[in-house]
Amino acid sequence: MNMIKVFWAFIQKEVYHILRDRRTLLILFGMPIAQVLIFGFAVTNEFKNANIDILDHAKDQTSQKLIRHVTSSGHFKINRMLLAEHEMESGFKSGKTDLIMVIPADFSKDLYTWDQAEIQLIADGSDPNMANALEQYAKAMINGFLFQEFKQSAKPYLIGIETRMLYNPLLESAYNFIPGTIALILLIISAMMTSLTIAREKEQGTMEILLVSPLPPLLIILGKVAPYAILSFIDAVLILIMGYFIFDVPVTGSVILLLLLCMVYVITALSLGTLISTTSETQQDAMMKSLIGLLMPSTLLSGFIFPLTSMPEILQYIGHIIPATYFIEILKGVMLRGVGIEYILFEVGMLLFMIVAFLTLTWKKFKIRLE
Amino acid sequence: MPAIEVNNTSRTYGKVQALNSISLSVEYGELFGLIGPDGAGKSTLFRILTTLLLADTGTASVAGHDVVQSYRQIRKEVGYMPGRFSLYQDLTVEENLRFFATIFNTTIEENYNLIKDIYEQIEPFKKRPAGKLSGGMKQKLALSCALIHKPKVLFLDEPTTGVDAVSRQEFWDMLKNLKEKGIAILVSTPYMDEASLCDRIALIQSGKILQTDTPEEIVKSYPSPLYAIRSNNNYELLKVLRDKNYTKSALPFGEYLHLATHTSMGVDEIISTLNTGNYPDLEIKPIKPDIEDLFLELSREV
Amino acid sequence: MNSYSIEVENLTKKFGEFTAVDNISFKVAKGEIFGFLGANGAGKTTAMRMLTGLSKPTSGQGTVAGFNVIRDHEKIKTRIGYMSQKFSLYEDLTVRQNIRLFGGIYGLSNQEIREKSETILHDLRLSEVSSKLVAALPLGWKQRLAFAISMIHDPDIVFLDEPTGGVDPFVRRQFWEAIYEAAGHGRTIFVTTHYLDEAEYCDRVSIMVSGRIEALDTPTNLKKQFNASTMDNVFVKLVR
């Protein structure tokens, strides 16, 4: 029989399904846009115009220069200039102050004579994440100042910036969440939507008719998967474009390589989706399995929100069998560090291995009959 | 070679014996009815014959092909309408038909003459999503889709359930036309009154075939004299009749009660045993049994 | 005292432009088995929702169990029972738990629930399986249990929504006998169904077509009126 024609008819049918269901459309296009915007603005807003109080004991040219440097970034806005130590606490208590920088009286002397000066940063520990982030920002600013002043690396104790910030010198948080968002969205659309649409055919009884037709099972799977592969890919591009234009997230590496790897990940997620659908009889079933088995671990254990290294060992192991973990690494590599394929061979290899494994399992589990 | 042949086929689901050593055969051009209530095993048999399920024991062939070995061939040559409406609700009438034509590697135009009579009735609504059709129209669309590849054997699992009386009658007329084109049709229904519209029927209950024959022969096998009785208080009368020693069975049958007696009795004889003062409008008449009477009789023995 | 359980006049329900129920009027006597027939989409469900106090009529008047369908719809709910083929019992609860649950829902005291439980279990001969899950019971038993539970609060009227579609002919008869018995005790039975053969068991039937009641009489009279042998034929002739 004419497979191409049959396949095309199948795709056409899927497109009708997608176009006629507002909820599917909303998930396909509304969700990625909303998620990128929410993550983007929520994360970036935290670090714009944070209120800083400054207690400047030095009050000399160098300290003025430092203060200008810190505030010129746009991340910090001077709330108050403090005159004495006892004024410090009130700002935190009233919630108007996010960070206090204390410049000692001997600041410039220490710096120019002894090559080391101390600056004290005091943050509100009641919000540790925020405090930590602000501290990192301020440190980066101070380092920047030293760099500018001495045109060389600053004093060792002042560079105390963790290496994970290395490729994100301005600490733009938007950089980090874009890879995570792409990984999640593609997973939801590819894996969850395909498993749902196959489960829907079973639930409605149409799978019964498809099976009692001369359609080869492989064609049923491919016909279901192909439209979502294309849509997922469009979503990936959409997110990248939004990241670039709205949040200034660059693609440092090769765009073609990036898109190619997105495709690899999409196929991984789709094969996972078809695998889920072979074990689900109803849409509800498929939904629960996707949410609990895919979405939750991918959000929590992929290193998207919490770094994997700080997790208990068992969770780290689980983290390492999640496709998103590898894909986030790939994205960070290609997008932010600008590396070529040679640096991410292991991650790409893992994704390819997963594709083969999932498809083999699907192939074995897909039933030519109903039982 | 018959169109459908089933030999000693059994199938269990866990502990439930869905089919218990079923045997039957259906010829081309025959309209064969599988009559029995929900849970009797009708759908299980359909799924075995359409190659969707494997039987535990027994053999079966459809259109000359073994249901296990030659399932691919069977899938090309049969039409199947599952128990519930199984088309794409969000696709229009025309889109559904075109899709099913394509996956069976044909076109609407190629076999249009086969579905023409049926499809013409729903053609005015061809741009309407299938989910928005009435029960009767859905059923006609489903039948059109099942016929579009010109199958040799047609499996219709409870096609008239939930369909209004007018559409039911039209549907049976269509089936009559189809069988005249040489198609073998196996149809199941829980409605006993539809049995008489089939060429031959098998009464099925709890996975067992109670009897197979033409509807006429089946009712002839009813063993007892039968009377229809009606009064202004049927329920009380029913209890009274059940206590009589001439009664074999007494069951409500719509407005009437059907009384089966051990030996043939005159109407007056029965009346004489009743306190007629209690039943001013008493009506008793001997009647011919119908399929339902026989089904009740047979299922009592199981 | 009113001898009718249900009395409605010109009851109408519109959804926007669409008139689902169009000016229906009828009376149902106490202890009567009333069949409410019509094809799917004829307006049966909407009409029944108005009678059970779930939906407010657009216009018209009526009383159910002596209460006004517009003003006293909450009171109606306490005097009616409801059973449908689709949902009636919780399959994952035991027989006894189901009885207890519905007794509780209808505000019976613990003492009453205990007594009712024993009566129901005894009458239906279900005592031995009282701690089994409902899911494990045969369909016929489930149906009769659901029917008994729908009457746990001694309602004046029981609404049966498509009660016996597709079931075993024998089971169906057992169920109708249970209905006859309930009616014999003076309870009104209101059966909605699109199975026309069910109609033959009713004292009187109404047939709804496109929101209107097009026929209402005893099955015998209807068959005579339409010169038909079965209710199926009555329906076919009515529609054509």
Side-chain angles (χ1 to χ4, degrees), chain A residues 1-28 193 196-224 226-227 278 281-283 366-371, chain B residues 11-14 18 43-44 46-56 62 67-68 71-92 94-107 129-131 142 145-146 148-149 151 153-155 157:
Chain A
M1 62 199 274
N2 187 344
M3 286 298 166
I4 308 277
K5 200 174 140 206
V6 173
F7 185 63
W8 185 241
F10 212 100
I11 302 273
Q12 200 180 11
K13 168 187 87 80
E14 287 306 312
V15 171
Y16 286 145
H17 288 323
I18 294 166
L19 290 181
R20 283 173 198 178
D21 185 14
R22 285 219 188 103
R23 281 173 306 173
T24 307
L25 278 176
L26 203 65
I27 293 179
L28 280 176
M193 297 303 275
L196 277 181
T197 167
I198 296 179
R200 182 164 78 161
E201 299 246 4
K202 291 190 191 176
E203 209 175 299
Q204 289 186 337
T206 41
M207 188 56 95
E208 224 169 301
I209 301 199
L210 294 184
L211 286 176
V212 186
S213 77
L215 274 183
L218 184 67
L219 206 139
I220 299 180
I221 296 179
L222 285 181
K224 281 265 142 196
T278 57
E281 288 306 312
T282 62
Q283 295 189 75
F366 189 87
K367 294 145 193 154
I368 53 163
R369 298 195 164 85
L370 279 179
E371 30 190 347
Chain B
R11 164 80 201 201
T12 52
Y13 289 109
S43 295
T44 306
F46 272 95
R47 288 177 173 169
I48 287 173
L49 293 177
T50 50
T51 75
L52 289 169
L53 269 186
L54 292 175
D56 297 334
V62 173
V67 289
V68 182
Y71 73 93
R72 279 176 194 282
Q73 202 53 38
I74 292 179
R75 289 179 184 192
K76 285 178 194 161
E77 294 177 17
V78 304
Y80 173 42
M81 224 174 115
R84 54 201 170 124
F85 181 66
S86 302
L87 299 176
Y88 296 101
Q89 315 255 358
D90 54 341
L91 298 193
T92 64
E94 200 179 15
E95 284 162 357
N96 264 297
L97 192 61
R98 201 163 290 285
F99 175 70
F100 284 105
T102 315
I103 67 168
F104 279 99
N105 209 21
T106 179
T107 57
C145 291
I148 191 67
H149 58 293
V153 185
L154 194 55
F155 292 98
D157 192 4

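Values below: every heavy atom of this structure, side chains too, minus hydrogens, waters and symmetry copies.
Using a 4.5 Å heavy-atom threshold, the side chains of A:His17 and A:Thr24 count as separate.
For A:Phe7, no part sits under 4.5 Å from any heavy atom of chain B, backbone or side chain. There is no contact between A:Gln12 and chain B, counting heavy-atom distances below 4.5 Å.
Look at A:Glu14 and A:Lys224 and you find a salt bridge, because one of the NZ, NE, NH1 or NH2 atoms lies within 4.0 Å of a carboxylate O, short of that distance. Salt-bridge annotation for A:Lys202 and A:Glu208: absent, with no side-chain N of the basic residue lying under 4.0 Å from a carboxylate O of the acidic one.
Residue pairs meeting the salt bridge (charged side-chain N to carboxylate O under 4.0 Å, His left out) criterion with at least one partner in residues 79-90 of chain B, sequence neighbours excluded, are A:Arg200-B:Asp90.
Ranked by heavy-atom pairs under 4.5 Å with chain A, the list B:Tyr13, B:Tyr88, B:Tyr80 is led by B:Tyr88.
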